[in-house]
Engineer: 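Quick one: the structure is below, questions incoming.
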Number of protein chains: 2
Amino acid sequence: MNTSIATFIKEKRKQLKLTQPELAEKAGVGLRFVRELEQGKQSVRLDKVNQLLDLFGSELGVIQKTD
Amino acid sequence: MNTSIATFIKEKRKQLKLTQPELAEKAGVGLRFVRELEQGKQSVRLDKVNQLLDLFGSELGVIQKTD
DNA sequence: TATTTTTGTACCCTAATGGGTATAATTATG
DNA sequence: CATAATTATACCCATTAGGGTACAAAAATA
C-alpha cells in the first residue's frame, strides 16, 4: 500500500463499520491512541500500532521510500 | 522484505560498515535506542525507527502479515 | 433544522521510552 | 594468546506516550 498508516487504519476501520471506541476496544488499546494515530501522530509506539494492524491481518514492516 | 525491522537495520548497518555509535550519530538518535532496536525491542517509537530507516532510503509501512 | 452519533481537543496522571554514561561481555584483530 | 574494538547490560533521570475522561466540534440522520 502507498497510503499512510493513519489513512490505512481509518479506511480499514470504516470498511468494518466500526467507530473509534469500538476499534480501540477490539484492539485493546486506548481510545486516545486510536484518535491520535488516525490524525497522523508520528511519535507513537510501534507495538501499539501493530496491535491495531493485527485486526486487519497486517503489520508494520520496512518498505522502500517512494520519493 | 520479510526480515524483521531489527535484522534489517543491523544488516544494512553492517553493509555500510558502521558501528552502532556511528549509526546513532548519523541518524540523530541515541546509542541506547539503536541497541535496543537491533535486539528486537517492540515498544519503540515509530518516528525514531524512521529516523534510522531514512538513512537506508526506507521507512515503516503497512505490510500484509505472512502467517 | 433538530437530534443523535461520531470525532477532535484538552486536562490530569502514571509508566516507561530514550538519552547519557559506565562497565561487563563478547568479538575482532595483532 | 593478548589487546583493541564492538556490543550488551545496568544505572539515573527528564520527557512524554498513552490511558481515562470530559466537553466542544463536526458529521450523520430523522
Side-chain angles (χ1 to χ4, degrees):
Chain A
M1 282 269 178
N2 206 8
T3 65
S4 74
I5 297 166
T7 51
F8 178 87
I9 286 181
K10 185 176 248 172
E11 287 176 2
K12 278 289 183 182
R13 174 173 66 80
K14 301 221 159 168
Q15 280 179 25
L16 300 188
K17 297 199 191 308
L18 296 173
T19 64
Q20 289 173 344
E22 288 167 342
L23 182 67
E25 159 91 7
K26 268 184 174 288
V29 300
L31 172 58
R32 259 204 37 206
F33 176 76
V34 172
R35 293 186 167 158
E36 291 179 333
L37 182 60
E38 288 195 358
Q39 283 167 51
K41 184 178 182 183
Q42 292 297 311
S43 57
V44 289
R45 273 174 49 177
L46 194 113
D47 57 339
K48 294 289 174 185
V49 179
N50 278 330
Q51 270 182 259
L52 277 171
L53 293 178
D54 192 54
L55 293 178
F56 311 129
S58 49
E59 64 185 340
L60 288 182
V62 179
I63 63 175
Q64 204 64 18
K65 260 197 164 179
T66 60
D67 67 57
Chain B
M1 282 274 178
N2 206 5
T3 66
S4 75
I5 297 166
T7 52
F8 178 86
I9 287 182
K10 185 177 247 172
E11 288 176 2
K12 278 288 184 186
R13 174 173 66 79
K14 301 220 158 169
Q15 281 178 24
L16 300 187
K17 297 202 192 305
L18 296 173
T19 64
Q20 288 174 342
E22 288 167 343
L23 183 67
E25 158 90 8
K26 267 183 175 292
V29 300
L31 173 56
R32 258 201 41 201
F33 176 77
V34 172
R35 295 190 166 154
E36 292 178 334
L37 182 60
E38 287 195 358
Q39 283 166 52
K41 186 177 180 181
Q42 293 296 311
S43 56
V44 289
R45 271 174 52 175
L46 196 117
D47 56 341
K48 296 287 173 184
V49 179
N50 277 330
Q51 268 183 262
L52 279 171
L53 292 179
D54 193 53
L55 293 178
F56 312 129
S58 48
E59 65 185 340
L60 287 182
V62 180
I63 63 175
Q64 204 64 17
K65 261 198 163 178
T66 61
D67 69 54

Engineer: Specify the separation, in whole Å, of atom CD of B:E36 and atom C1' of C:dA16.
Structural biologist: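 Between C1' of C:dA16 and CD of B:E36: 11 Å.
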Engineer: Can you find a pair of side-chain heavy atoms, one from A:I5 and one from B:L46, that are under 4.5 Å apart?
Structural biologist: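 Yes; the side chains approach each other to less than 4.5 Å.
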Engineer: Can you confirm whether more than 12 heavy atoms, excluding those of A:E22, are under 6.0 Å from its CD atom?
Structural biologist: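 For A:E22, atom CD is crowded (more than 12 foreign heavy atoms under 6.0 Å).
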Engineer: Would you please confirm or rule out a distance under 4.0 Å between OP1 or OP2 of D:dA8 and any side-chain N or O of B:Q20?
Structural biologist: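 So the side-chain polar atoms of B:Q20 do come within 4.0 Å of the phosphate oxygens OP1 or OP2 of D:dA8, strictly under.
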Engineer: Do B:I9 and B:L31 share a hydrophobic cluster, counting only Ile, Leu, Val, Met, Phe, Trp and Tyr and linking them when any side-chain heavy atoms are less than 4.5 Å apart?
Structural biologist: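 As far as the 4.5 Å side-chain criterion goes, B:L31 and B:I9 are not connected within one cluster.
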Engineer: Would you classify B:Q39 as touching base, sugar-phosphate or nothing, given that sugar-phosphate means primed atoms plus P, OP1 and OP2, and contacts are heavy atoms under 4.0 Å?
Structural biologist: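 B:Q39: backbone/sugar contact only, no base atoms under 4.0 Å.
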Engineer: Quick one: bend of the helix from C:dT1-D:dA30 to C:dG30-D:dC1 from 5 pairs per end, to 10°?
Structural biologist: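 For the helix from C:dT1-D:dA30 to C:dG30-D:dC1, the axes at either end differ by 70°.
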Engineer: Only one of B:R32, B:K14, B:K12, B:R13 forms a salt bridge (Lys or Arg N to Asp or Glu O under 4.0 Å) with B:E38, so which one is it?
Structural biologist: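 Considering B:R32, B:K14, B:K12, B:R13, a salt bridge (Lys or Arg N to Asp or Glu O under 4.0 Å) with B:E38 is found only for B:R13.
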Engineer: Where along residues 47-55 of chain A does a heavy atom come under 4.0 Å from DNA chain D, residue by residue in number order?
Structural biologist: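 When residues 47-55 of chain A is checked for heavy atoms under 4.0 Å from DNA chain D, the hits, listed by number, are A:K48.
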Engineer: Are B:L55 and B:F8 in one and the same hydrophobic cluster, where Ile, Leu, Val, Met, Phe, Trp and Tyr link if side-chain heavy atoms are under 4.5 Å apart?
Structural biologist: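 Same cluster.
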Engineer: Quick check for you: among C:dG8, D:dG18, D:dT6, whose closest atom lies nearest to any side-chain atom of B:T19?
Structural biologist: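 Among C:dG8, D:dG18, D:dT6, the one nearest the side chain of B:T19 is D:dT6.
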Engineer: Kindly indicate, with the supporting measurements, whether the criterion side-chain contact (heavy atoms from CB on, under 4.5 Å) is fulfilled by A:L53 and A:N50.
Structural biologist: CA-CA 5 Å; A:L53 293 178; A:N50 278 330; 4.1 Å; yes
Engineer: Could you check how far CZ of A:F33 sits from P of C:dC13, rounded to whole Å?
Structural biologist: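 Computing the A:F33:CZ to C:dC13:P distance gives 23 Å.
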Engineer: Do the side-chain N or O atoms of B:R45 get closer than 4.0 angstrom to the phosphate oxygens (OP1, OP2) of D:dT15?
Structural biologist: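 No, outside the criterion.
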Engineer: Taking atom P of D:dT16 as reference, at what distance in whole Å does atom CG of A:L46 sit?
Structural biologist: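 From A:L46 CG to D:dT16 P: 20 Å.
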Engineer: May I have the distance from A:E38 (atom CD) to C:dG8 (atom P), rounded to whole angstrom?
Structural biologist: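 Taking atom P of C:dG8 as the reference, CD of A:E38 is at 7 Å.
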Engineer: Between protein and nucleotides 20-30 of chain D, map the contacts as a letter string: B base, S sugar-phosphate only, - none, heavy atoms under 4.0 Å, written 5' to 3'.
Structural biologist: BB---------
Engineer: Quick one: do A:E59 and B:I63 satisfy side-chain contact (heavy atoms from CB on, under 4.5 Å)? Show the steps, please.
Structural biologist: CA-CA 6 Å; A:E59 64 185 340; B:I63 63 175; 3.8 Å; yes
Engineer: I would like to know whether B:L52 and B:F33 meet side-chain contact (heavy atoms from CB on, under 4.5 Å); could you show each step before the answer?
Structural biologist: CA-CA 10 Å; B:L52 279 171; B:F33 176 77; 3.7 Å; yes
